[in-house]
Amino acid sequence: MSIFAGKTSLVTVAVLLLWNGSTVASPRTACDLLPLDEVRSIVGAPVSISDPGLSSPAVRGDLTIATCVYVVKDANGRSLTGQAAKLSLMWAPQAKLQETNDFYLKRHAEAPGIKGDVLVLAWVGDPSSGKAGDWASSQKLLAAVLRKF
């Protein structure tokens, strides 16, 4: 047996693992995923990013989370009532992602979805109307975000 045979098979295994999609996506800034025009078309109103600082991934124990909140603002930059949107991204062990996804599916306020190692929560609605949002628009926002992963 050649000394190269063992090294070749290790390289082959490593390439196959990477090829079949077992790589882990690194956390991303939430507000950088979608252009504002795309969010505006889903929300149905001209929106701006409310607090860009929430968008950066923050680590809490074994999970990492990033959130982007889109609101309607007046010419002076003050938030107005009306349609808004929120998307949250969560990276965590698969069991935690699935547990959280199941919770949000039952809650039926935010639209949840898992793609690879990230859980996406999407919500579109009028915050003054409570937590119940526009489910169809929330699903559209979710689909747009999931396409980015």
Side-chain angles (χ1 to χ4, degrees), residues 10-149:
L10 285 176
V11 170
T12 303
V13 168
V15 168
L16 288 174
L17 286 174
L18 290 174
W19 184 262
N20 77 13
S22 64
T23 59
V24 176
S26 61
R28 299 170 67 178
T29 305
C31 293
D32 290 344
L33 287 174
L34 300 175
L36 277 178
D37 288 343
E38 187 171 1
V39 177
R40 287 177 184 148
S41 71
I42 294 168
V43 172
V47 294
S48 299
I49 295 170
S50 174
D51 184 356
L54 292 174
S55 182
S56 296
V59 177
R60 295 183 191 130
D62 65 346
L63 71 91
T64 301
I65 191 160
T67 299
C68 192
V69 179
Y70 302 92
V71 297
V72 178
K73 293 185 177 183
D74 66 14
N76 295 323
R78 291 181 296 235
S79 296
L80 299 173
T81 58
Q83 286 291 85
K86 176 181 167 184
L87 68 92
S88 295
L89 310 172
M90 180 189 295
W91 295 265
Q94 196 63 38
K96 175 101 172 170
L97 292 180
Q98 193 59 54
E99 177 185 325
T100 306
N101 184 65
D102 292 347
F103 169 81
Y104 281 99
L105 277 173
K106 290 176 189 166
R107 180 176 152 147
H108 201 70
E110 297 89 349
I114 296 175
K115 187 164 184 184
D117 67 334
V118 65
L119 169 67
V120 177
L121 302 172
W123 179 85
V124 176
D126 183 344
S128 64
S129 301
K131 292 187 182 206
D134 176 343
W135 186 251
S137 294
S138 297
Q139 290 286 343
K140 287 179 187 175
L141 181 61
L142 174 65
V145 173
L146 289 175
R147 281 192 297 270
K148 299 297 181 176
F149 286 95

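These values consider heavy atoms only, across backbone and side chains, with no hydrogens, waters or symmetry-generated copies.
Taken to the nearest 0.5 Å, the CD1 atom of I42 stands 11.5 Å off from the CD atom of Q139. To the nearest 0.5 Å, the span separating OG1 on T100 from CD1 on I114 amounts to 8.0 Å. Distance check, rounded to the nearest 0.5 Å: NZ of K86 to CG of L141 gives 12.0 Å. Remark: L89 CG to S55 OG distance equals 8.0 Å, nearest 0.5 Å. From E110, atom CD reaches atom CH2 of W135 across 8.5 Å, with rounding to the nearest 0.5 Å.
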After noting the C-alpha distance and the side-chain angles of L34 and K148, does the key distance pass the side chain to side chain contact (heavy atoms under 4.5 Å, CB included) rule?
CA-CA 8 Å; L34 300 175; K148 299 297 181 176; 3.7 Å; yes
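Applying the salt bridge (charged side-chain N to carboxylate O under 4.0 Å, His left out) test to R40 and every residue at least two apart in sequence or in another chain returns D37.
Residues V43 and A85 come closest through the heavy atom pair CG2-CB, 3.6 Å. S26 approaches W91 most closely through the heavy-atom pair O-NE1, 4.1 Å. A144 and E38 make their closest contact through CB-OE2, 3.4 Å (heavy atoms, listed as atom of the first residue, atom of the second, distance). Taking both residues in full, the closest heavy atoms of F149 and K115 are given as O-NZ, 2.8 Å, listed atom of the first, atom of the second, then distance. Closest heavy-atom contact between N101 and P112: OD1-CB, 3.2 Å.
The shortest distance between side-chain heavy atoms of R28 and L33 falls below 4.5 Å.
Identified under the disulfide bond (SG atoms under 2.5 Å apart) test for residues 89-121, with sequence neighbours left out: none.
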Taking only distance into account, with no hydrogens and no angle test, what donor-acceptor pairs under 3.5 Å do side-chain atoms of residues 57-73 form with protein atoms, sequence neighbours excluded?
residue : atom : partner : partner atom : Å
T67     : OG1  : S88     : OG           : 3.1
K73     : NZ   : I49     : O            : 3.3

